[in-house]
Every structure is written in structure tokens, then in C-alpha cells.
K.L.:
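The structure under discussion is supplied below as C-alpha cells; questions concerning it will follow.
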There are 4 protein chains.
Amino acid sequence: MPSRLIDSLATTDALSDVFSDQSLLQAMLDFEAALARAEAKAGLIPSRAADAISSAALAEGLDAAEIAREARSSGTVSIPLVRVLTARVQAADAASARFVHFGATSQDVADSAMVLTLQRAHPILAADHARLERTLREVSDGHARTVMLGRTLLQPAPPITFGLKVAGWVAAIRRGWRRVDSSARDVAVLQFGGASGTLAALGDRGLDVSCALAGELGLRNPEAPWHAHRDRLASLLCACALYAATLGKMARDISLLMQDEVGEVAERGGSSSTMPHKRNPAGCAAVLAAATRLPGLVAAFLTGMVQEHERAVGGWHAEWPTIAAGVQATGSALETMADLAGELTVYPDRMRANIERTNGAIFAERVVMSMTERIGRDSAQLLVSDALARSREAGTTFRDALMTMPDVADLLPAETLRTVDVPEMYLGAAETLRVQLLES
Amino acid sequence: MPSRLIDSLATTDALSDVFSDQSLLQAMLDFEAALARAEAKAGLIPSRAADAISSAALAEGLDAAEIAREARSSGTVSIPLVRVLTARVQAADAASARFVHFGATSQDVADSAMVLTLQRAHPILAADHARLERTLREVSDGHARTVMLGRTLLQPAPPITFGLKVAGWVAAIRRGWRRVDSSARDVAVLQFGGASGTLAALGDRGLDVSCALAGELGLRNPEAPWHAHRDRLASLLCACALYAATLGKMARDISLLMQDEVGEVAERGGSSSTMPHKRNPAGCAAVLAAATRLPGLVAAFLTGMVQEHERAVGGWHAEWPTIAAGVQATGSALETMADLAGELTVYPDRMRANIERTNGAIFAERVVMSMTERIGRDSAQLLVSDALARSREAGTTFRDALMTMPDVADLLPAETLRTVDVPEMYLGAAETLRVQLLES
Amino acid sequence: MPSRLIDSLATTDALSDVFSDQSLLQAMLDFEAALARAEAKAGLIPSRAADAISSAALAEGLDAAEIAREARSSGTVSIPLVRVLTARVQAADAASARFVHFGATSQDVADSAMVLTLQRAHPILAADHARLERTLREVSDGHARTVMLGRTLLQPAPPITFGLKVAGWVAAIRRGWRRVDSSARDVAVLQFGGASGTLAALGDRGLDVSCALAGELGLRNPEAPWHAHRDRLASLLCACALYAATLGKMARDISLLMQDEVGEVAERGGSSSTMPHKRNPAGCAAVLAAATRLPGLVAAFLTGMVQEHERAVGGWHAEWPTIAAGVQATGSALETMADLAGELTVYPDRMRANIERTNGAIFAERVVMSMTERIGRDSAQLLVSDALARSREAGTTFRDALMTMPDVADLLPAETLRTVDVPEMYLGAAETLRVQLLES
Amino acid sequence: MPSRLIDSLATTDALSDVFSDQSLLQAMLDFEAALARAEAKAGLIPSRAADAISSAALAEGLDAAEIAREARSSGTVSIPLVRVLTARVQAADAASARFVHFGATSQDVADSAMVLTLQRAHPILAADHARLERTLREVSDGHARTVMLGRTLLQPAPPITFGLKVAGWVAAIRRGWRRVDSSARDVAVLQFGGASGTLAALGDRGLDVSCALAGELGLRNPEAPWHAHRDRLASLLCACALYAATLGKMARDISLLMQDEVGEVAERGGSSSTMPHKRNPAGCAAVLAAATRLPGLVAAFLTGMVQEHERAVGGWHAEWPTIAAGVQATGSALETMADLAGELTVYPDRMRANIERTNGAIFAERVVMSMTERIGRDSAQLLVSDALARSREAGTTFRDALMTMPDVADLLPAETLRTVDVPEMYLGAAETLRVQLLES
């Protein structure tokens, strides 16, 4: 029974299509058809059989629920699928039925179908990544000079620019995407080995068939079957999790900046069923949900990698729900973040106001650093602490407090004192770093 | 789009029904209907409204796919569900529409619906557990005297009985079930708190409504709403994982015993798409798949428990796919193991033969222990090692080798020497332990 | 080589003692000594041997680093430990050396020692839990009437009391502790089964020795050895993770409330190496670190539970670092939170000010609810949205905006309108729920 | 308190040195000394101060336990370390003390020290990988023609060569190492950003200092500080887990082949404390323990990546124990497997015998394939099933059974029938695949 509600935040329309019964059935049938054609080319089966099998290899009309149910007794969907396909070919051209799935093993079909499916997911993720990166670059450029609080351990720290913060996100998603992209390419390998992975059932034509089959399916022909070596798939899932973690970090940042008391950015957000005044960070919630789920999915996949001998009992059988969930969750987070970023509202005034409401305390470091050379850090810190205390007590700014202290004029250049709490004067290399991040 | 193929080994027919769109929609609607009735009882809304809402609260005809899609913009399925229900009531009795979802928050509906769903899963798991326990008890009793190798670190060790091994499984699944059962009961609490969990929207009638609502739904009325405290759900998932891990241990044992070289038990098994001679441990594979996936699902749920303030952003939104997958995987492992155990073939002859093919080496410990008192462990081990070496070289049994050694007759009672490799003579407390395990 | 720096936030002084080499060695030696005494009592070995073994069973002077190194070749610390102990006894009383570790297997010693170690950790956790609960109860009582914003999805929601929030924490840690406490008691079982778990090496005295040995060590005598059934240990680790997750939720809440822009509570906190003005939520950081690590540790332990036959290869060998890390992380979070809670500063004025700065928007729900009966929810929401917009535009309060609207006077009771933004008037059942939580 | 026993299987001598207190303290001090030199070069501090700081920056004599304890109140070891270093410099040259840690933040020191530590671990892992690969290549070449059962789902399947199996391992560890190697290089970046990551405290010299500091430490100067972007470290840990999973797969295979009933290979193994006859797969156990733990450690690290703003509260604080445990576990598995592989005993006779004891059933596929073209798969399977049943009943080989069947001579070439159960005749592309794997 379908459970779209449970997965409502866990996938996208496009990706749930890619991982649907229809799509997987077709991918498995594509494998069987391509296999027949490759074997006909190698002279192993009649071309008529290849034609008959190709014609029958259409997912339409197959009963996925029934195939899934049968899979429980054999441990794989391949066996009922082959049974159904054989029956179809039998009905159309009895003599060809014997050549269905010729020389392949169940896992050949299942793995190759999953690989084909992942290849269909790849461009969907790529498009959303490109959209997200493009959007964020614009946001970063547009806010190259928008000052805001740095925040460390959720406490105010010296200022940064919003452009720098966003550039940090850009560089991280670019690193993330490079990992997803390269591992998705790495995963694009045919699985074809027959019962024990030696292609023995095809006599001396195994490698030729393998090569032709890979060509038919647009996959690389690997150095050997990889029935019990799952590192390429695992690496893709790790890459997804790394990317999703960065998206989670962004969503955490945005949801924190969107707090009413902070108010520095806002996503378009979702409404509340009871509170008309609310604009919920619904996009951030969905992204954080993905980032919450991915680490466990990665752990499950890695755990399953300890697979026995030539084909495993259990470890392999755990993979499909895990990788399908992981890729869809990543894609959901990516689409959501791309949407969200495109509609992000930024409030530079609140950013500046939040700096100002610290009354200059975040510039204490600046003063300490300026004075350290003359009087040492300990003395500098004592003096600054004194100024901060005066500022708190009198409700004045840190700068005003410093000005009331007799020694300060001797220890700080007048210009430094005058501009001590001007954020633009204490941005260090923020802009250079921002540009470097975008170029990285 | 449904993905039954991907989940083919990950659920059962019964449980996929329980977690289906239809089922969840109905559970949410049941909440809304019960809420209306409880509020009518409390005089907060007209009984006519309660009637109209109850009448409209039928999942049939709702478009789950559309609701799931809308959920992505608000972060919850509750909001589109309430919208659709309100429209239905509006059409039937416009004046009543205003009382739909009166005073509740989105998470009240969603959480209570998940709790109701889990309550429907509970008896399904219970029935399979009972069936499995019953079957295994019979197997254990039937094989109370069937000797077999103990195996430690996958190496032969002194004998046990198959009855004892199975009794160990029984005790473990009983402990496992006690945890699942008690945490499933613990989870049977209403969620109802309104926006901030204070029931403020219902004035001074909040607690009365909560109490009546719990009664309507057959749930406990908790001490307070638990929107951001998810330990009861997490505890249920942990209990599932603990149970599934025991099932995984059993499946590992069975699949190992089913190796052709061992051949001591066999599950009915699945066929192979290429190898007509094979009987695959397909049941064990499905069970091990569940045991592989559960730890990561538990980790995901625990991770999501760090939830902010009164209702969380992200942690909560990660829960549904995780708990639904975890419970279904556990149920699938349980059903599969119950089926498998009911059809397990046991080969006592192979068990005895595998003992015999060690040529008595596994009884070395027995001789060492018997001699230790007289000559100390080191000397005893030397002497035994000597006998083992003779046995290996001459291809005779350990007993025969011992008999050729002059000192042995002085150090070992004749009776001990004569029966040194009779497994029944070296079972220790196996039978008492077996009975204690079954009674525990 | 010790690595206290790496684990600086991951344990406490007391717990690192409990899991130290010294402590584990002594626990293992305690097992060996108790075993000898139990066997002497059963007449299996001379009492003189029991005395000699007991006298030699002191951890002092043993070279833990050397034992650890040797463990790598045998896969267990028990074998080198027994070797060293035997040598000691040999030196003191050669005839007794033969009775060291008599009839036990390596895992008997190792598991029982870990169980004894966990029993020593139990009261340490208990004391910190009691201290934390006591403190939080006082805080909750002291702030029963301190109003603050409810916050859902990190956005302002109708008011709660700080006492209610803290009471939610109290109830959650109480549930958490009940799980830890009961699973720690459950884990207090002897491990003693000999090579295959049948106690065969002890002839017909196995069960007597087991019973006496359990008594000597203050542990329960289990229904049977549990070498390959690890659910009790796993359940303890799950309970730790559940508790730590609640502590993580509290730390998340506190660190959020401690943001400068929110400013509602403050932990004593840590200083910064560069920023003299900062008070970092260092305690929250340590607690959140534990909550971050526990889920993965639980997953690792659960994964290792799929153990082969009578004693496992690998799954068992993964347990020690996992359970030791998990219990210590939990204890560290608990001690830190107990310290932190005892020194928490609460700022009721800021709490009220943060309510006020929403200009009454969080009471929108109250008005909608009040009007719904008369004009339906949709109309009520429209009207309220209008008032909220006026309030935002004019910079006035929601109440003032309502007052300027002609219809409102007819739809809302005057008293409701007058007090519409008084938080104390919209607390619902907060106080009752608070009391119920503390009593739960 | 040290806990070498708990970690006895979880690290190596070399790696526990690398992650020891001494080593980390020195890495942190190296950072501080290099920072001072870089700042002196930039004219920010006197060279005399750089000299004084460099001279004082020796781990010897520092009290790691005390520093670890103090770290608990500030949340980082950097603060007490800087305090201690400052005191030392103060004692030696008071005027220089003010320049200790000048412009850096705690996390700069801690992160850079961890990066330096990981760089020291890198060549240790590299050496063991190279040794393992070299050994396995020799084993593969030496057993290019050693036939053995393929085994799928732990059941006998058509033959492979041991050389092919080992070549599959080689290709997998090579892929694994490429990931570890490249991510370890990727991780070799300086952390240096000051309070908010802008280097503001160093005025306009921040980037120069950063560049010089990276040079001093032999690290890359990154495009920007990465305080809250932890993907490079996470990627390294993922790579470790992927590699360890492959090692786990190898250990699983070896431990299964080492079962007494299978007896095809043996590791040198460990002894048993009670059973003189036993040779335990102790090396496999240690490797599998690592593979069991890594997925959870990866999950923990990924979870912690959702870090707030410029520097995080909690996520960062969870990293050290996780990454140190993960790298050490991987290194331990690698060293153990390299040792184990170097001493692996292979029993080609048992491999052949295990093929023979299937009585030819594993060649059923061969016959089915040969006949399919003529009579279709279904008829072929029926005929073969019949032959298999005859073979089982009569206790003869599958070949003999086939020979008794009248139709077979017409359907199978005589040569095929004669050699139907000769493993060498049914190896397919095994040798080509083996070579391709080794060359990949």
C-alpha cells in the first residue's frame, strides 16, 4: 500500500517517480532486453528471441504489488519479474521464452536496475544543485557589504558580512556536489556476472556480452562483477549525506536567523494551522529532517557492506530501501533549499541593529588586540573588562565607556577609538575570503 | 508514486496496510472527529458540528498524493488535511465548518494519528511473536536431546543440544517482546496541547476536552502534551531494534547451519534464478536485512530527539519515515522468522556427524579439566596437545590417541577415558539451562 | 598511550576511574578470585588454591599496556590476564596455579568484569540524576508564574510559563532515569558458562558454582549464560541514549534561550580565548556533544548484536569501546547538566519583554478562537490578519489595532479585548500541567 | 585515567601514540609556535616573542590530565593550554607572554592540531595498506588456478578460483585506499580565522599570517576558515569506514572459510583460554569489530555537521572522540588484516574436496544452459532436477546420474557430459577478470 503521507517531506515528485515501481520495473526490463540483444549480437541466442524479449519488456500492465509479494519468498524481485517476463514472451513467441534472462543471475538484474535508476536521479539532483548555487552566488554578491554579527556558540562575536556567510555555504555545497557528482559517475557500472560472477554460463562469450550489454545500457563495463563489493554505492550515499549535512547547516543557520528576536532573514515559510500570525520555517524543517535521517541511513548501508563470499545473505537485501531513502531525502532537501534560497528575504537593518544592541561589546577583542602590544594581553583584558562593566552599568556604549577612562586615550589611537564600534572597520579579510570561497 | 518493489522485503501485507495513506488519513480524521465530539460534550462547539465533522471524517475519496504534495509547503500533512476536511464539512453544513480542528495544533493531529497507527501495528506484531515463540518452544522440546557442536568464534567447541540453542533464542525473543509490548503500551498516549501545549485556546475546558478525547480514541490522557519530548516513541523503536537484532542473530545462526558443508538445519528457502540445485536461505536474508537496517533507523530517531522548545524544526519532521520503516522492518523480520521456524528442517544425523568429524578434538577440554587437579593445567594441556597431534597425524580419534599414551590410564578414570568423546557425557547443565531458559 | 584530551568532554573524573585499566583489571581479578572461592566451596578445588588465587588477585603492579598489547593476538584481554595471574599464583604457591580460571572461558571473565564495572557506574549516574531532578524541581516551582513565549518551529507562540517548560524537562528525565535504572539492574547478571555455555567442564557442579559465584560478586545468577545474547547490555545503552537525548533537548533549549537577542536564561558558561565579553554556553556544548555521539554508539552496539552461535566473531569484540564510550558520555552530560542547572540564571524581565516585543501577535489565536463560534474560523482569521497588518504598519500593539476596528467590539467581550495581550490571561492549563508533570 | 584494555582491539601502538595526549599537546603547541613565527615575520609581534614562545612550546612537563579537566568548564582544551603556555613564556620572558595565541581563536588551535595529527596517521595507514595490497597480490597470483566453490547466500555455486576472490579484495582495498588517501590530503588544511573567521584581529596582515602559518605547519592555506564546515573531516571518516567495511567483508569471508567444516583457509589465529585444540580467527574478530563500529562513528560525525553560524555549540565538541576512534579502528583493522594476510594458510585440497562433496550439483546450471537452446529453460530445468534427484537418492554424482538418463546423450555434447563436473571447465572468464581486477 502506498504511503505518500509518511514520505511527504522525504522525497520530491521527480524523485518519487524515479524510484517508483513503474520506473524500477522498466529498468529491470531494460536490462533483460539489452541482455537479449547483446547475446543475440554474440550469437548466443537467436535475434528473433532478442526481438521478442525486447517487445515484451514493457513495465506497463505488470502487477508490481504481486511481484513484490512474491519477492518475499525468494528474497529478490528478480525471480518473479523474470517469471512474468518469460510468460509474456512465451505467449508471444514460445520458442523465444527459453532465452529470457539467459546466463544472468537475479542480482545482475536488480543491481543494474538500481544503477540505472540512480543515473536517472543524477541529473535531477544536478539541476537543483546548479539552481541553488546560482541563487546563493547572487545572494552573496548582493550582500558583500551587508554587515551582521558573527555568532559563535550562539553568542555575538565580531562582525562578518552576510555575503561571507553565504559564500561559505556556496563553497561547501560545491565541495558537496563534486563528491555526489563524481561518486554518481563512479556508480554507473554494469552488474553482470552470472551465478558466481565468472560469466561461466556464457562459455567464452561472457566478456563480449558484458561489454555489449554495458554499451546497450549506457553504463561502464567494470573490471569484474561487484556482487559482494558495494563500496561504490556506499560512497554515493556518503556523498549524499555529506551534501545533506551542509544543507542542514544552512537550514539551521536560516531558522536561527529567522527567530523573531533575531529577524535577520526569512524564508517564505509555511503557515500554521492555529496561529495566523506565524510564518514557519517549513523549508528549513524539511531540510533539517533530511539531515537528521541521512547519517542513520549511511550507517545502515555501511553495516550491510560486510557481505559474504560471492553474494551475500542479508547485507545486500538491506540496500534498496536504504539507498532509495537516502537519495530521495537528499534530493528533497536540495529542491527545498533551492526553492527557499530563491525566495529568501534579507533584513540588513535588523542585522545592523543586532550589532548595535550589543552596545559595542563585540569589539572588545579589537581593543584588546590594539593594546596588547603596549601593555600585554592580561592588562588589556582587565582594562577592557572594566570598560564593558561600565558600559553595562551605565547603559552606554562600549565606546563611550572607553572614552570615560583616563588611560585609554594613551593606549589607543584616536582614530581607532572613534571608530571602535563601526562594524565596517573590523571586517578583517572578510571580502577577500568571500571572493576566494566563491572562486574555490 | 508507490515503491512496493523497493520495500518488498521491508514490510508485510498487514503492516503496509497499517502505514498506508488510507490508514493514516483515517487516523487523522478519527482524531478530528473525536475532537469535535469531545468539544461538543464540553459545550465548546454545537453537537450538530460534531455530527457534521464526524460524518465527513472518512478517508475515502481523499487525494493522498495531493495532500502529501501540499504538505511540503507547510511542513505537515495536517494543514492540507484540515483544509480538505473543512471544505467537506462546509459543503455539507456550512455552519459547522468553523469548528473543524477547533483549538488543536497540526502536531496534535499528526502525533495522535501516528500513535493510533502504532496501536494498530501492535497486535500484528504480537500475533507473530506468539506464533514464533510457540513454534520455537516445540522445536526446543523436540530437540532437548539432539546433540550438536557448540561453536565459538565459528570454531568447534564442546557439544550442546539443539534444544538448548533454540531455548536461548526463545528467552531472547521473550525479553525482546516484553520490551516491545511495554513500550508500545507506553506510547499509547494522546497528543493534544494546542499551539504552545497549554490548551489555552480552549479556555478552562482544555483538560476536560483532553480527557474526553483520549477516551474517544482509546488512548491514555498524558500528564501533559509531549510535542518536543519524543522518548516514548524512541523507546518503542529501540525495543523494535533490540528484538530485530535477536531475530538477526537467529537468522545468522540458521544461515550458517544451513551451509552445505554444515547441513544441520534448512529453511524451506527460496529458489535461484539460475541454479536449479539451490535452496537459498531467503527467509534468513530478509530477517538479516531488517537487522541491518534497524540500528541506523534508531540512530536517526535518537538524533531527531534534540528538539527545540515547545515544537521543533526538523527533528520532528524526520520522525515519520523513520518510525514507519523501523516498525515495518521489525514486523517483516518477525513474520518471516515465524514462517521460517514453522518449516525448519533439522538434521540430527548431520549434527552428530559434524561432532564426529572433529575426531574428538572438542573433548580436549574435558580431559584437561579431569587431569588438572592431579598434574596442573600446563602439564595437562601439554599431554592433551600431544594426544591431539597424534590423532591428527595418525588420522585416529582423540580417544584412540589418548589410549596409546602410557600415562593417560593413570591420570584419567577408565570410564572417563572410555566415554571421552561421547557428546551426551559432556553436556554439563545443558538440559537444566534449557528448561530455565524456557521458563524465564 | 592515554588520550585524556580527546575525551576531555566525553567523561567525568568519576567515570573515567570506573572504566580505567586499573578498575577493569581489578574487576576481572575479582571474578577469578570469586570463582576460585566458589569452586572451593563446591569442593572442586582446594581451599588453599582459592586463598592463593584471592591473594594474588590484585590489580596493583600489573602492566595493563602489556596485557592490552597481548590481547590483540588472542582477541581478548582475558587470556593474557589469566596468564599473568597464573604466573603470580605459581610464584606464591605453585600447586595452586593449576586452579586459576578453572572451567571458565575468556568471555566469562570479560563480560562479568564489564557488568561489575557498569554496576559501579550506576550509583554515579544515579547521584547526578537525583541532583539534577532536585534542582530542576526547585527551578520549576520557583518559576511557576514566570511567563515566557512559547516557541514552536523557533517562532513565537502563545505564552507558557518557565515553570511548565522546566517541568517538561523533569518528567522527561524521570522517564529517562527509570529506563536507565531498570536496565542497569537488569544488566547485573553473572556471565559464567565455560567453553560452550553448558558448564560442562565442572561436571555436575556447574550450577552450584554459578550460583555461589553470582553471590560472591553480588550479581544475579541468570537462567543461562548469555554469551551471544547481548540484549540486556544493548538495552542499557539505548536507555542511556534516550536519557542523553533529553539532556540534549534541554541543552538546545538553554543555549537558544541564552542567545544575546533572547537573553532569557544564562548558564555560568565558559570564557573565550579571544573575546573578553563572551560567556559561552560551554556546558550546553558538552551536553549536546554527548547527545550527538550517543545515537551512533547505539547503532554500533545494535549492529554488533547479530552474533554467531555460542560465541561470536567480531560482534562481541566491538562492544567494550562502544559501551564504555556511551555510558561515560551519558554520565558526562548528566554531571554537566546537573552543574549547569544549579547555577542557571533566569531573567523573567527579558521573558516578559520578549512577549511584549511581539506586539501581541501571539495572541492572535486567542482572538480567532473567541470569534470562531460567532463568525467562523475563516472570517475570524481574516479579521485578525487585518488587525495584525494594521499593528505592523502603525507600530502599535495588536490590541490597539483591534480597538480601532469597528466590528471587533461586537465580536469580542470587552474584558477579553482589554486583556487580550496579557500573558497571564492566556496560559490555559499551564499550571495544572506543570504540577501533573512534576507528579508523574 | 587510561583505558588501554577497553581499546585493546581498537587501535595500534603507532596510532595510539599519534592520538596520545603528548602528541596532541605538541601539535597544539606547534601551532602556537608557528603562529608566533608567522606573526613575527609579518611584523605583528617582536621576533623575540616568537623565539620565546617557540622555546616554551614543548609538551614535555605539561599536565594533560589537568588541562583535560579544565577543558570541561570552557568547552575546549585550547583555553587551558594557552593559559599554561602563557605562564611558561611569562616565566621565561615576561614581555613576550602577551603575544601568545595572538589573534587566534580556540578552535583554530584545536582544529589545526587535529589536522596535524591526522597527517601523522596518514603514512601509518599508507604503509599497512601497501603491505596488505602487496601480500594479497601475491596470494592472488599464487592461487590463480586454485579452484574453489563460489558461494552465494552461503550456498554452493559454480566454481571460482581463490585467486579471483582475492583479486576482488585487492581491487576493493585499492578503491578504498584511493578514497582514504585523497580525503586525507584534502583534510590537510590550516584552520586560522580568529573569533569570527575574518582574521579581523590581525588588521590587514591576516591573510599574510595565514599563508605563512600554513607554510610553517606544512598545511594548505584554505580559501577561508572552515570552523563550521566540517565536510572534509567527515569525508575522511567516511573513507575510513568504506575501507574498513571492505576489510570486514574480507574478515567475514576468511572466518567463514576457516570454519572447521569448510577448512579452506586459516589465519594463524589466537588460542583459547579453555580449549587447547582451538585456533580462533582472532584477527578476523578484531577486523570485524572495527567494521561493526565504524558505521555508528560515521553517523555520529555526520550528525554533528549541522553546526550553527560561525562556530557551533555541541556539534563541534562531539568530533574529537569520534574521529580519533574512527581512524584508530580503521588503522587497527588494517594492521591486523595485513598481519593476517601475510600468514594465511590456504588449503587447495579442501577447496577441491568441498567442490566434490556437492556431487556435481553446482554444475546443474552448466547443463541447463547447454540444453536451453534446444529444449528451452523449463524443460532443461526439469530434466536437470530429475538428474539431481537421482544423484541424491543413489548417492552418485550428478554426472553419473545424467549418464543414466536416456535423453541426455542427445541433448549434451559428449565432451560436455564427460567433463560436466570438472571445475576447471566451468570457470568462465575467471582468470581474465582476476587480471583485470589486479590491474584496476
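The analysis underlying the following values was restricted to heavy atoms, covering all of them including side chains, and did not include hydrogens, waters or symmetry mates. Here the structure is a predicted model, which means the values were calculated and not measured. Chain naming here is simple, since letters A, B, ... match the order of the sequence lines and numbering starts at 1 in each.
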K.L.:
Looking at every non-hydrogen atom in both residues, tell me the closest pair between D:Ala291 and A:Val306 and how far apart they are.
P.N.:
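The answer is CB-CG2, 4.1 Å.
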K.L.:
Which residue is it: D:Leu242, D:Leu297, D:Leu294? I am looking for the one with a side-chain contact (heavy atoms from CB on, under 4.5 Å) to A:Leu302.
P.N.:
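Exactly one pass, corresponding to D:Leu242.
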K.L.:
Please state whether the side chain, the backbone, both or neither of A:Arg232 comes within less than 4.5 Å of a heavy atom of chain D.
P.N.:
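A:Arg232 touches chain D through backbone and side-chain heavy atoms alike.
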K.L.:
As an exercise, state the distance from OG of A:Ser196 to CD of D:Glu365, rounded to the nearest 0.5 Å.
P.N.:
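So the gap between those two atoms works out to 7.5 Å.
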K.L.:
Side chain, backbone, both or neither: which part of A:Ser96 has a non-hydrogen atom closer than 4.5 Å to chain D?
P.N.:
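No part of it gets close to chain D.
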K.L.:
Please classify the contact of A:Arg293 with chain D as side chain, backbone, both or neither, using a heavy-atom distance under 4.5 Å.
P.N.:
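Answer is neither: A:Arg293 stays 4.5 Å or more from chain D.
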K.L.:
Please flag which part of A:Val435 lies under 4.5 Å from any non-hydrogen atom of chain D: side chain, backbone, both or neither.
P.N.:
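Contact with chain D involves no heavy atom of A:Val435 at all.
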K.L.:
Name the option with the most non-hydrogen atom pairs under 4.5 Å to chain A; the candidates are D:Ala172, D:Gly168, D:Ala171.
P.N.:
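Counting heavy-atom pairs under 4.5 Å, the top option is D:Gly168.
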K.L.:
Pick one of side chain, backbone, both or neither for A:Pro222, based on which atoms fall under 4.5 Å of a heavy atom in chain D.
P.N.:
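For A:Pro222, the backbone is the part near chain D, not the side chain.
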K.L.:
Could you tell me which portion of A:Trp169 (side chain, backbone, both or neither) has an atom closer than 4.5 angstrom to a non-hydrogen atom of chain D?
P.N.:
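For A:Trp169, backbone and side chain are both near chain D.
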K.L.:
Find out whether A:Arg311 and D:Leu153 are in side-chain contact, i.e. whether some heavy atom of one side chain is under 4.5 Å from a heavy atom of the other.
P.N.:
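Contact flag for A:Arg311/D:Leu153 side chains = yes.
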K.L.:
Starting at CD1 of D:Ile160, measure out to OG1 of A:Thr198 and round the result to the nearest 0.5 Å.
P.N.:
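The OG1 atom of A:Thr198 is 8.5 Å from CD1 of D:Ile160, to the nearest 0.5 Å.
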K.L.:
Can you measure from NE2 (D:His309) to CG (A:Leu257) and round to the nearest 0.5 angstrom?
P.N.:
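These two atoms lie 4.5 Å from each other.
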K.L.:
Non-hydrogen atoms of chain D under 4.5 Å away: do they reach the side chain of A:Phe301, the backbone, both or neither?
P.N.:
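It is neither, since no heavy atom gets under 4.5 Å.
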K.L.:
Need one label for A:Leu164: side chain, backbone, both or neither, based on atoms under 4.5 Å from any heavy atom in chain D.
P.N.:
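The answer is the side chain of A:Leu164.
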